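Structure first, commentary second.
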Amino acid sequence: QAQLLAVLQRRHLAEISEVFLKVLVKRKAMGALKRQLIITAILLAIIITALMLRQESVVAGGKAVVELQSESGKPLAIRAEIAGTEEETQAGLMFRQSLGKDEGMLFIYPKAAVVNFWMKNTLIPLDMVFISEDFTVVKIHHAVPCTEEPCPLYNSEQPVKYVLEINENLTTAYGIQEGSSRVEIIR
């Protein structure tokens with residue numbers, strides 16, 4: 001994912017640079033003020049593109065605070081590791097002996113899809129919170145550790161963009177419910 005972001009960044013900067021060069025070639029055909037405005041607009045586009053791509057690359061493999069809000073208004077704030085690579089996504093919380101009360105792991109998908117999770121080699125019981133593209137909790141599974149196959153699959157049942165794994169029963173303790181609870185991801 002980080003390599004893809006780097007390729008996209010180089011591609012966007014190359015496209016913007018090409019436009020910039022075309023403007024410079026045609027500079028004799030336009031007035032000085034118009035040329036300055038165009039150059040300023042191009043530089044602004046380069047800066048905005050670089051900042052957007054930088055923000056995306058920080059998210060991949062970083063940390064985030066994920067706040068789940070119940071109907072009763074009782075918020076649950078989780079400090080989440082972001083599974084930013086394919087390897088991190090596949091490993092998840094496998095082989096971890098413990099997880100802090102307000103800690104978890106956030107999985108972010110490029111586009112919403114129906115997803116399956118399992119608990120193979122996960123040693124701690126978890127709540128799996130499946131979150132739609134509009135940040136609504138659509139499914140919660142109370143998942144149990146599994147050290148021997150076959151391990152059960154936990155399905156989102158509808159397209160999701162995010163999955164948050166947290167300590168078991170936190171969703172129950174905070175009144176987080178399918179369909180009504182909202183999520184905010186603070187990076």
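All residue numbers in this chain count up from 1 along the given sequence. Nothing here was measured: the structure is a model prediction, and the numbers come from that model. FYI, side chains are in, hydrogens and waters are out, and symmetry mates aren't considered; it's all heavy atoms of this structure.
At least one donor-acceptor pair closer than 3.5 Å links the side chain of R182 to the backbone N or O of D134. Panel note: side chain T89, backbone T85; a donor-acceptor pair is recorded below 3.5 Å. Checking side-chain atoms of S156 against main-chain N and O of P159 turns up no donor-acceptor pair under 3.5 Å.
Under a hydrophobic-cluster definition in which Ile, Leu, Val, Met, Phe, Trp and Tyr are linked whenever side-chain heavy atoms come within less than 4.5 Å, directly or via other members, W118 and F130 are assigned to different clusters. Hydrophobic clustering (ILVMFWY, side-chain heavy atoms < 4.5 Å, transitive): M128 and I124 are in one cluster. Note: the hydrophobic cluster containing Y109 also contains Y154 (ILVMFWY, side chain heavy atoms under 4.5 Å, direct or indirect links). Cluster annotation: V163 and I140 are assigned to distinct hydrophobic clusters (Ile/Leu/Val/Met/Phe/Trp/Tyr, side-chain heavy-atom contacts under 4.5 Å, transitive). In the hydrophobic cluster analysis, where Ile, Leu, Val, Met, Phe, Trp and Tyr join through side-chain heavy atoms closer than 4.5 angstrom, I108 is grouped together with V183.
To the nearest 0.5 Å, atoms OG1 (T122) and CE (M94) are separated by 6.0 Å. With rounding to the nearest 0.5 Å, the separation of CD in E168 from CG in L99 is 11.0 Å. Distance check: L164 CG to I131 CD1 gives 5.5 Å after rounding to the nearest 0.5 Å. Atom OG1 of residue T147 and atom CG of residue L123 lie 8.0 Å apart, to the nearest 0.5 angstrom. Put simply, CG on L68 and CD1 on I166 are 6.0 Å apart, with the number rounded to the nearest 0.5 Å. Atom CD1 in I82 sits 5.5 Å away from atom CG in L106 (nearest 0.5 Å).
Aromatic ring centres of H141 and F117 lie farther apart than the 6.0 Å criterion allows. Centroid-to-centroid, the aromatic rings of Y162 and F135 come within less than 6.0 Å.
Minimum heavy-atom separation, P125 to M119: CA-CE, 4.5 Å. Between P110 and K161, the shortest heavy-atom distance links the atoms O-NZ, 3.0 Å. Residues C151 and K120 come closest through the heavy atom pair SG-CA, 3.8 Å. Across I185 and A64, no two heavy atoms sit closer than the pair CG2-CB, 4.1 Å. Summarising the geometry of Q158 relative to V114, their closest heavy-atom pair is C-CG2, 3.7 Å, with the distance given to 0.1 Å. Here the closest heavy-atom approach between residue G175 and residue S70 is recorded as O-CB, 3.2 Å.
E157 has a carboxylate O that lies under 4.0 Å from a charged side-chain N of K139, or vice versa, which qualifies the two as a salt bridge. For the pair R96 and E81, the salt-bridge criterion is met [side-chain N within less than 4.0 Å of a carboxylate O].
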### Message
For N167 and D127: C-alpha separation, side-chain torsions, deciding distance, then whether side chain to side chain contact (heavy atoms under 4.5 Å, CB included) applies.
### Response
CA-CA 6 Å; N167 278 303; D127 283 353; over 6 Å; no

#### Entry: Criterion side chain to side chain contact (heavy atoms under 4.5 Å, CB included) on L170 and I78, from CA distance to verdict
CA-CA 10 Å; L170 276 179; I78 298 293; 4.2 Å; yes

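The side-chain heavy atoms of F107 and E88, taken from C-beta on, include no pair separated by under 4.5 Å.
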